[in-house]
A.B. asks: 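This structure is in structure tokens; I'll ask about it shortly.
Below, each value reflects all heavy atoms present in this structure, side chains not excepted, and no hydrogens, waters or symmetry copies. To find a chain, count down the sequence lines: A is the first, B the second, and so on, and within it residues start at 1.
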Amino acid sequence: MDLMKTLRISAAGLTAQTARMRTVAENLANADSVASAPGADPYRRKVVTFKNVLDRASGTNLVRVDRIARDQAQFQKRFDPTHPAADAEGYVLAPNVNSLIEAMDMRQAQRSYEANLNVIEVAKAMIQRTVDILRS
Amino acid sequence: MDLNSLPLFSLISQRLGWLTERQKVLAENVANIDTPGYRARDLKPVDFGKLAAAAADRLQPAATDPRHMTSAGTGATARTEFTKPIPGEATLSGNTVSIETEMMKVAETAMDHQLITNLYRKHVGMLRAVLGRSQA
């Protein structure tokens, strides 16, 4: 049944947005994972990209997580001369995580998740009404 | 009696099939709302009024001999064709899906679906009334 395919497509969308949400959580949780030694790198922000793949079993285009890449932006520097990982000038490298950007990303993931949920609800109602024909 | 031999019922099932297919395409759009480079798609609207008119004056020749050829269909069917990608505003990643438009179309498809299933139910009820059974 084709409406079942609709459900499968939307479920793939939900899975993709969940992976994105997980990455946002990782980024936020590691927002203070500074370098462990002078010259070492702190946590580097992760970015999720999506792609559209053809599922040959059902003949539908499903969305999948393409890859989880690392953000190439520069690390932040914090002045903290007493820190064990501070360099000669007293600066510690901090992750390139911006909590504002993460919050926006989280919101967007939530919005897309809700849109997929909405499509599932509507498709479910359509299936229900089709089945109801049998009861009349 | 095959209900599909009545033009109205065959039209109803074609219309339901078309609506189901459209819902699938819309689900793909919503699921790919954050996929870079994805272009939103939609089905070409089918003129079901014209189909109904064609079905109404169709006269089937009777096959009185096994060697007679029967005309298979009227040629006018509800084909599923895609529209050209709408050159709407794209995001920086080249994605043209607009969540508001998609939600509107999903609701529209669900409403049409409800209309068609109700129409089907009413007509079955009418046939039942003719048969003299109580209408459920």
A.B. asks: Between B/Glu28 and A/Val63, is a side-chain contact (heavy atoms from CB on, under 4.5 Å) present by the stated rule, with each step listed?
C.D. replies: CA-CA 8 Å; B/Glu28 274 178 21; A/Val63 62; over 6 Å; no
A.B. asks: Taking a hydrophobic cluster as the set of Ile, Leu, Val, Met, Phe, Trp and Tyr residues connected by side-chain heavy atoms closer than 4.5 Å, whether directly or through intermediates, do A/Tyr43 and A/Ile101 fall within one such cluster?
C.D. replies: no
A.B. asks: Got more than 12 heavy atoms from elsewhere within 6.0 Å of CD, B/Glu100?
C.D. replies: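 Counting neighbours around CD of B/Glu100, more than 12 heavy atoms of other residues, nucleotides or ligands fall under 6.0 Å, so yes.
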A.B. asks: Check for me, please, whether B/Leu16 and B/Phe9 land in the same ILVMFWY cluster - side-chain distances under 4.5 Å, paths through other members count.
C.D. replies: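 B/Leu16 clusters together with B/Phe9.
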A.B. asks: Can you tell me how far CE of B/Met111 sits from CE of A/Met126, rounded to the nearest 0.5 angstrom?
C.D. replies: 12.5 Å
A.B. asks: In the single-linkage hydrophobic clustering (I, L, V, M, F, W, Y; side-chain heavy atoms under 4.5 Å), do A/Leu117 and B/Ile99 co-cluster?
C.D. replies: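 Looking at the clustering, B/Ile99 is in a separate group from A/Leu117.
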A.B. asks: Would a single hydrophobic cluster contain both B/Ile116 and B/Leu6, if residues Ile, Leu, Val, Met, Phe, Trp and Tyr are joined by side-chain heavy-atom contacts under 4.5 Å?
C.D. replies: yes
A.B. asks: Roughly how far apart are A/Ile9 CD1 and B/Gln23 CD, rounded to 0.5 Å?
C.D. replies: 10.0 Å
A.B. asks: Which residue out of A/Gln108, A/Arg64, A/Arg20 racks up the most heavy-atom pairs below 4.5 Å with chain B?
C.D. replies: A/Arg20
A.B. asks: If you tally heavy-atom pairs under 4.5 Å against chain B, which of A/Val48, A/Val122, A/Asn61 wins?
C.D. replies: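 Result: the option with the highest number of such pairs is A/Asn61.
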A.B. asks: Please tell me whether B/Thr35 and A/Asn52 have a donor and an acceptor in their side chains that are separated by less than 3.5 angstrom.
C.D. replies: no
A.B. asks: Set out, in order, the CA-CA distance, both residues' side-chain angles and the distance that settles side-chain contact (heavy atoms from CB on, under 4.5 Å) for A/Gln17 and B/Asp34, then state yes or no.
C.D. replies: CA-CA 9 Å; A/Gln17 298 301 336; B/Asp34 296 311; 3.0 Å; yes
A.B. asks: Please look at B/Glu102 and chain A and tell me whether the side chain, the backbone, both or neither of the residue comes under 4.5 angstrom of a heavy atom of that chain.
C.D. replies: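 When you check distances to chain A, no heavy atom of B/Glu102 falls under 4.5 Å.
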A.B. asks: At their closest point, which heavy atom of A/Gly13 faces which heavy atom of B/Ala31, and how far apart are they?
C.D. replies: CA-CB, 4.0 Å
A.B. asks: When rounded to the nearest 0.5 angstrom, what is the spacing between CZ in A/Arg129 and CZ in B/Arg121?
C.D. replies: 9.5 Å
A.B. asks: Which atoms of A/Asn116 come close to chain B, meaning under 4.5 Å heavy atom to heavy atom: side chain ones, backbone ones, both, or neither?
C.D. replies: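 For A/Asn116, backbone and side chain are both near chain B.
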A.B. asks: Give the minimum heavy-atom separation between B/Met103 and A/Asn118, together with the two atoms involved.
C.D. replies: SD-ND2, 2.9 Å
A.B. asks: Under 6.0 Å from the CZ atom of A/Phe75, do we count more than 12 heavy atoms belonging to anything else shown?
C.D. replies: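 Counting other residues, nucleotides and ligands, CZ of A/Phe75 exceeds 12 neighbours.
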A.B. asks: Among the clusters formed by ILVMFWY side chains lying less than 4.5 Å apart, do A/Ile127 and B/Val106 turn up in the same one?
C.D. replies: yes
A.B. asks: Rounded to the nearest 0.5 Å, what separation is found between the CD1 atom of B/Ile33 and the CZ atom of A/Phe50?
C.D. replies: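 The distance works out to 11.0 Å.
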A.B. asks: Quick check on A/Ala125 against chain B: is it the side chain, the backbone, both or neither that has a heavy atom closer than 4.5 Å?
C.D. replies: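 Contact with chain B is absent: no heavy atom of A/Ala125 under 4.5 Å.
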A.B. asks: To the nearest 0.5 Å, tell me how far B/Thr20 OG1 sits from A/Leu3 CG.
C.D. replies: 4.5 Å
A.B. asks: Walk me through it: do A/Thr130 and B/His113 pass the test side-chain contact (heavy atoms from CB on, under 4.5 Å)?
C.D. replies: CA-CA 9 Å; A/Thr130 313; B/His113 190 273; 3.1 Å; yes
A.B. asks: Is the CZ atom of A/Arg70 crowded by more than 12 outside heavy atoms at less than 6.0 Å?
C.D. replies: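 For A/Arg70, atom CZ is crowded (more than 12 foreign heavy atoms under 6.0 Å).
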